[in-house]
Amino acid sequence: MAPDPDNIESLVSRRYEHGFVTDIAADTMPPGLDEDVVRAISARKNEPEFMLEWRLRAYRQWRDMQEPAWAHVHYPPIDFEAISYFSAPMSDDDRPKSLDEVDPKLLETYDKLGIPLHERARLAGVAVDAVFDSVSVATTFKEKLSEAGIIFCPFSEAVENHPELVKKYLGTVVPQRDNFYAALNSAVFSDGSFVYVPKGVRCPMELSTYFRINAANTGQFERTLIIADEGSYVSYLEGCTAPMRDENQLHAAVVELVALDNAEIKYSTVQNWYPGDENGKGGIYNFVTKRGDCRGANSKISWTQVETGSAITWKYPSCILRGDNSVGEFYSVAVANNYQQADTGTKMIHIGRNTSSTIVSKGISAGHAQNAYRGLVRVMPQADGARNHTQCDSLLIGKKCGAHTFPYMEIRNPGAKVEHEATTSKISANQLFYCRQRGLSEEDAVNMIVNGFCKEVFKELPMEFAVEAQALLNVSLEGAVG
Amino acid sequence: MLEIKNLKASIGGTEILRGLSLNVGAGEIHAIMGPNGSGKSTLAQVIAGHADYEVLAGTVTYMGKNLLDLEPEERAREGIFLGFQYPVEIPGVNNAYLLKAAVNAKRKHQGLPEIDAFEFLKLAKEKMALLDMDPKLLNRGVNEGFSGGEKKRNEILQMAMLEPKLAILDETDSGLDIDALRAVAKGVNALRSPDRAIVLVTHYQRLLGYVEPDRVHVLSQGKIARSGDKTLALQLEEKGYDWVREAANG
């Protein structure tokens with residue numbers, strides 16, 4: 001399809017309207033965080049007063065909070081005064097001009113993942129004129145969505161155009177002082193996605209950050225808010241399988257989901273931030289707070305995640321099952337290779353009557369990696385008829401990695417039905433030899449066994465995403481054996 | 001097809017094969033018998049290329065190539081099939097998926113396109129009927145929760161689908177009831193062909209009642225102590241392995 005020049009122009013110029021203007025692109029705020037920095041961030045984004053106040057309240061709370069130390073991960077202390085809290089995106093002058101200037105190793109990975117050519121340019125951060133194809137796709141999508149009355153836009157745009165919705169829902173699922181990183185995010189968040197699906201509307205397509213125009217620049221402190229009004233449905237895809245590089249080591253995102261009566265939200269993530277090299281040097285610290293509130297009766301929130309990237313992952317997508325008959329689901333594949341550390345899991349909080357939750361967690365450890373599942377199932381006294389089923393499986397590849405499971409259960413209603421199953425297995429030399437004797441290479445054999453292990457989670461992903469996730473897993477575990 | 005000369009091999013520092021020589025020609029069926037610990041399984045594993053076994057001396061030539069230079073998967077793609085004594089379970093991996101991956105790995109090696117999914121399924125079901133196997137086993141995890149007999153039939157199914165040039169069946173008959181034994185024998189006989197060699201490693205003569213060997217070898221202390229035609233197996237049954245051992249030492 002040929003891009004419509006008018007649409008491209010309007011879309012491209014809209015980027016500039018909302019803060020990321022070329023003349024400020026070069027500057028980055030000096031490191032350190034105080035009230036002035038928070039004010040400056042808010043001012044640059046032309047935010048209304050309520051937003052600034054909200055950020056300042058978060059900042060003041062954050063100042064008195066301590067970094068959590070309970071996770072099963074180890075890293076040198078982070079100097080929060082050494083971080084710059086507002087960095088404008090790289091200007092086009094600093095970016096590679098074409099794919100010829102991009103690290104060949106990165107391109108090789110794109111190739112293995114089967115990423116289309118025009119998308120490779122965008123992912124590798126090539127200057128914007130190479131990206132026309134996806135811009136036109138985005139335009140078509142936007143038109144379709146607005147016909148259905150769905151709002152899908154950058155967070156900063158929502159603050160400007162739909163302040164009443166932002167005011168009503170922001171921070172109602174993850175309060176500002178929920179935890180150290182959530183408070184930090186609330187004070188300094190850069191941008192993110194905002195979705196509102198009106199009453200009774202079934203979103204006609206998968207919403208993806210992939211197609212959001214300035215997705216590449218949301219960066220370090222991302223903030224996402226999704227509201228599904230009564231009887232609506234939306235499926236949201238976050239991230240993409242291509243490796244994402246970023247200069248910022250610390251990432252602290254917050255995602256809030258709200259499902260009202262009879263509404264359903266399906267949230268799928270593929271996370272592939274730079275994990276560091278084979279020796280554990282570099283890599284992203286990914287400290288994320290994700291929570292869904294099944295606020296209405298018969299509502300449902302389903303998290304599916306494939307986590308392969310980041311040096312350290314600290315992430316517990318959770319569901320608050322407040323509405324009667326509400327349903328929470330968590331399907332996770334977490335891969336840790338080389339020196340990666342992952343501490344991930346979920347929380348299911350049963351409050352309403354006849355609420356049910358399902359947890360399926362698959363952890364894969366290879367190399368020197370440490371992979372922990374941490375999960376909480378809490379059943380409140382009033383939650384009659386609550387049910388939970390947890391299945392938590394670990395797969396080890398090699399001798400130097402570790403798998404850990406920390407399941408917590410707090411059951412305060414005697415009628416609750418809670419089941420927990422856990423297994424730990426290892427890819428054995430005999431399994432590999434068996435496959436090789438049937439003609440498969442060792443790598444293919446590992447991939448086959450790993451994909452078999454993850455099957456239950458992959459089938460929850462939207463179709464194309466599932467295929468990509470499988471390829472991604474294979475690339476992530478390259479060289480894990482032998 | 002297969003020529004083994006003065007083969008010496010060890011596992012964990014213990015020498016098991018101590019100068020074994022054997023020739024197997026195309027179209028032939030050989031039975032290798034012998035008491036526990038005589039080196040039967042070691043021979044099968046060394047031919048397949050298991051990394052735990054160290055080859056100390058000797059040569060193994062397969063279709064004119066130095067077999068010992070090849071990785072296990074290369075040997076497989078070149079047409080060597082090992083039916084395992086204890087087939088391993090691979091939970092979560094669909095039995096049909098492994099089977100198809102194996103068929104395609106070999107086809108790729110031969111420069112052929114991947115097998116069509118419908119053609120594959122049709123072929124697999126045909127072979128399963130021949131082996132009297134429950135078609136549901138195709139959609140279970142590889143050997144996951146299979147009975148002993150089902151595991152062995154599954155090995156023969158893989159062999160039938162892969163159509164190897166040289167098949168080595170390591171005690172495929174052990175632990176089988178009479179029906180399973182018959183089904184396995186039927187599968188093996190169906191593969192008999194002038195350009196294929198089959199080596200049956202077995203403890204007992206009973207499989208040889210269904211699959212008639214051209215040659216029978218008796219292994220003792222890592223060497224072939226005696227070779228003969230099918231009557232040797234019957235003699236063994238009657239006189240026991242001590243007879244061979246004494247003959248070898250005497």
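Quick note on labels: first sequence line is chain A, next is B, and so on, each numbered from 1. Everything quoted here is computed from the prediction, not taken from an experiment.
Note: A/Gly439 leads A/Gly439, A/Ser425, A/Gly452 in heavy-atom pairs under 4.5 Å with chain B. Ranked by heavy-atom pairs under 4.5 Å with chain A, the list B/Arg75, B/Glu71, B/Lys106 is led by B/Glu71. If you tally non-hydrogen atom pairs under 4.5 Å between each of B/Leu162, B/Asn94, B/Ile80 and chain A, the highest count goes to B/Ile80.
Put simply, the side chain of A/Arg438 does not reach to within 4.5 Å of the side chain of B/Pro72, judged on heavy atoms. B/Arg77 is listed as a side-chain neighbour of A/Ser441, based on a closest heavy-atom distance under 4.5 Å. In this structure the side chain of A/Cys435 reaches within 4.5 angstrom of the side chain of B/Ile90, judged on heavy atoms. Two residues are said to be in side-chain contact when any heavy atoms from C-beta on lie closer than 4.5 Å; A/Leu440 and B/Leu98 meet this criterion. Counting only heavy atoms from C-beta outward, the side chains of A/Asn430 and B/His50 approach each other to under 4.5 Å.
Ring pair A/Phe433/B/Phe84 is perpendicular by interplanar angle, where above 60° counts as perpendicular and below 30° as parallel.
Counting non-hydrogen atoms of other residues, nucleotides and ligands closer than 6.0 Å to NZ of A/Lys459 gives a total above 12. Counting non-hydrogen atoms of neighbouring residues, nucleotides and ligands closer than 6.0 angstrom, the CZ atom of A/Arg387 reaches no more than 12 such neighbours. Atom CD of B/Glu114 has 12 or fewer heavy atoms from other residues, nucleotides or ligands within 6.0 Å. Around OH of B/Tyr97, the count of heavy atoms belonging to other residues, nucleotides or ligands within 6.0 Å does not exceed 12.
Contact of B/Tyr86 with chain A is not made at all, since no heavy-atom distance falls under 4.5 Å. Of the two parts of B/Val142, only the side chain, counted from C-beta on, holds a non-hydrogen atom closer than 4.5 Å to a non-hydrogen atom of chain A. For B/Glu78, no part lies near chain A; criterion is any non-hydrogen pair under 4.5 Å. Using a 4.5 Å cut-off between heavy atoms, B/Pro164 makes no contact with chain A at all.
Judged purely by atom type and a 3.5 angstrom limit, B/Glu73 has no side-chain atom pairing as donor or acceptor with the backbone of A/Gln437.
Separation of atoms CD (B/Glu155) and OH (A/Tyr434) is listed at 3.5 Å; rounding is to 0.5 Å.
With respect to the salt-bridge test (charged N to carboxylate O, under 4.0 angstrom), the residues B/Glu74 and A/Arg436 do not qualify.
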